[in-house]
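Keep in mind it's a predicted model, so treat the numbers as computed, not measured.
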There are 2 protein chains.
Amino acid sequence: MGDKGRPAPKGRVPATIYDIARITGVNPSTVSRALNQPGRVSASTEQRIREAAADLGYRTNPMARALPTGKTGTLGLLVSDLTNPVYFDLVRGAERVAREHDTMLVFADSQESAELERSTAERLQIAVDGLLLVASRLEDAQIQELAAAKPLVAVNRPVPGVPSVAPDVRPGMIEALDLLHGLGHRRIAYLAGPEASWMNGMRWVTAHDLAVDRGMSIAEIQSSAPTREGGTDAFAAVMAADVTAVLAYNDLVALGLLGACLEHGVAVPRDLSLIGFDDIFGADLSAPALSTVRCSWGDMGERAVAKLLGAIQDGDASGAELNLPTEFVSRASVAAPGR
Amino acid sequence: MGDKGRPAPKGRVPATIYDIARITGVNPSTVSRALNQPGRVSASTEQRIREAAADLGYRTNPMARALPTGKTGTLGLLVSDLTNPVYFDLVRGAERVAREHDTMLVFADSQESAELERSTAERLQIAVDGLLLVASRLEDAQIQELAAAKPLVAVNRPVPGVPSVAPDVRPGMIEALDLLHGLGHRRIAYLAGPEASWMNGMRWVTAHDLAVDRGMSIAEIQSSAPTREGGTDAFAAVMAADVTAVLAYNDLVALGLLGACLEHGVAVPRDLSLIGFDDIFGADLSAPALSTVRCSWGDMGERAVAKLLGAIQDGDASGAELNLPTEFVSRASVAAPGR
DNA sequence: CTGAAAGCGCTTACAG
DNA sequence: CTGAAAGCGCTTACAG
């Protein structure tokens, strides 16, 4: 690479199989075979073709290949917000498996908007072999429509008839509620996430049932957004609810609420115990460090890509997996109620 | 949407302009014109064509369009690590401008590997109209080669002959060093980032010169990675350096070092003052909160996309902008040296 | 083992 | 205003 002279002039036109064919004196179809179906061509021609390709810096044009084959060799991963730390491990897990299968992964971001999610999904879908839809805000029917067009795996949310991967929130939440109950908490609240989020509904229902089972009261408090700001904004509502502990939809919301508490002189955990969800980057940084229910996002990423790849190859779209384990991570933000 | 009957069967084949042409009784070329060059076709035909397109749920196939035109309508953004909070604002800024121009943005991640960066860039490049290369680990020559093939903008690093956008670190660092000096610090250290990072070199050189100007000594300490682990691992080396303040390559490293200090009973800021870079998500969460030099990543994202779009349209690849301002953000991790 | 041809879905001069 | 044709770069039956 360094110095084959200075960089080629701007308009450099990429080499095609026709260039290679001309140089080596064979038919373009032979070039295509030599490059893609090793063994289908005599060793010596293949050799010459490969050399010429290397000389010309040939790269096969994925667009052109996609037209006749319908395969692009890339997968799309669409999340509601790429800049949400929740997705870090998911991204890493997905990349790990994609890399192993020599598949390129491209990411896109629907910016928490269902409308944008839909249009982005459609646009992305046509340029990839399959789509991973993470924490979708779409309706089941819309997801089913997308899934009908091309292989798709829903992540962090089951959709009837569509392959999916999601965590089982119960184990982690049982740990959390047992701990709260054991410490003496009897009135708690769930600080909710987006209404359109399936996972929010799941967390609320599970928390509710587990709390009731244990003879605790539980209030649902709305938040304006699943972000730190959303948590901060909910401070007054939380105070008004008169509870001793809060389970937040996610760590971002919990951290936002934590910040507001500190600012208003509400001591955590003495006056209020706080539990988040996801164990994101930063959850252990706060003071007090945030207790949280962790799901294996890394595993979800791996499983989801593996499943999608399977669906693409064999058309095998085996159903839902709703069983990735969760666990409670105990940190300083939880204690016995102070009064 | 909802219920046009149940979702179409899996293999549903997308409608093409030929389908529309057949239904409306015109030539496919007319369909193409009606859809893309409003006005070039009689109002009534255009009308009929649009209706048929809507009926069939027609979406133009970007691959097929890209072949004759060479344009895909999408931009690629390649970063060294998508899960690094540093890039949050960059991503948002880039998306803002892309959306305004009805351009799709796809993201990819080189996982901190120069080799992977190169191959990903090449692969991505052929599927997009232009590439944003963020904090590249490649050599100038390699970047120049990529830039020769297709419009490219380097972000957070200038490259000779390649359009770029990068911050001017001096203003923020002057504030930081003036503060340290004023507080009485005389022996400080720079905890370095990746050697291959242009920005790391820039920060070191600037810190060095400014420190020397002020009669302070400054040591360079290596870190194993630009992550929290990298900062933690550097604890012993920092202690050995016998300094009263540390400037870290970035906030992640600073937060890692901070954690190690607390763990080993080194009080921050009394025993050691700490300053990071970038003001990432979480920098204000730690205890003590981290002082840091903030650059306008959001602006960089916006400018970079605007510049790339310009380069694609007019071939106008105006040069480097090395002037995005930085500022010091003062938080609790800095104080006068304690002994 | 390899060539010649047709086709993937679209765009765009070129005619009329 | 619209049709017919050629071409973008590749793949893949079909022959030989």
Is the distance between the ring centroids of A:W297 and A:F88 under 6.0 Å? no
By nearest-nucleotide position on DNA chain D, the 5'-leaning member of B:G25 and A:A64 is B:G25
To the nearest Å, give me how far apart CZ (A:R22) and P (D:dG9) are. 12 Å
CD1 of B:I20 versus P of D:dT2: gap in Å, rounded? 15 Å
Closest to the A:R40 side chain, choosing from C:dG3, C:dG9, C:dT2: C:dT2
Give a yes or no on whether B:Q37 atom CD has more than 12 heavy-atom contacts from other residues, nucleotides or ligands under 6.0 Å away. yes
Taking OP1 and OP2 of D:dT2, is either one under 4.0 Å from a side-chain nitrogen or oxygen of B:T45? yes
Tell which nucleotide pairs with C:dA13, taking only Watson-Crick or G-U wobble pairs whose two distances are both under 3.5 angstrom. none
Whole-Å distance between D:dG9 P and B:M63 CE? 15 Å
Are OP1 or OP2 of D:dT2 and a side-chain N or O of B:S42 less than 4.0 angstrom apart? yes
Between D:dT12, D:dT2, D:dC8, spot the one nearest the side chain of A:S32, thanks. D:dT12
Electrostatic pair A:R50-A:E46, nearest N-O below 4.0 angstrom: yes
Would you say the side-chain atoms of A:R99 and B:Q111 include a donor-acceptor pair closer than 3.5 Å? yes
From the options C:dC10, D:dT2, D:dT11, select the nucleotide whose nearest atom is closest to the side chain of A:P68. D:dT11
Side-chain ion pair, A:R96 and A:D89, N-O less than 4.0 Å: no
To the nearest Å, give me how far apart CG (A:L67) and C1' (D:dC8) are. 9 Å
Decide yes or no, distance alone: a donor-acceptor N/O pair under 3.5 angstrom between the base of D:dA5 and the side-chain of B:S29. no
So what does B:T16 touch, heavy atoms closer than 4.0 Å: a base, only the sugar-phosphate, or nothing? sugar-phosphate
Using a cut-off of less than 4.0 Å, is there contact between a side-chain N or O of B:N36 and OP1 or OP2 of C:dT11? yes
Is the base of D:dC8 touched by the side chain of A:Y18 through a donor-acceptor pair closer than 3.5 angstrom? no
Within this structure, what is the CZ-to-C1' distance between B:R59 and C:dC10, rounded to whole angstrom? 17 Å
What is the separation between atom CD1 on B:I17 and atom P on C:dC8, rounded to the nearest whole Å? 12 Å
What is the distance, to the nearest angstrom, from the CG atom on A:L35 to the P atom on D:dT12? 13 Å
So if I take every side-chain heavy atom of B:Q37 and compare against D:dT11, C:dT12, D:dT2, which nucleotide ends up nearest? C:dT12
Does a nitrogen or oxygen in the side chain of B:N27 sit under 4.0 Å from OP1 or OP2 of D:dA4? yes
Under a plain distance cut-off of 3.5 Å, with no hydrogens placed, do B:S110 and B:S113 share a side-chain donor-acceptor pair? no
What is the separation between atom CD1 on B:I49 and atom P on D:dT2, rounded to the nearest whole Å? 8 Å
Classify the side chain of A:R33 and the base of C:dG3 as holding, or not holding, a donor-acceptor pair under 3.5 Å. yes
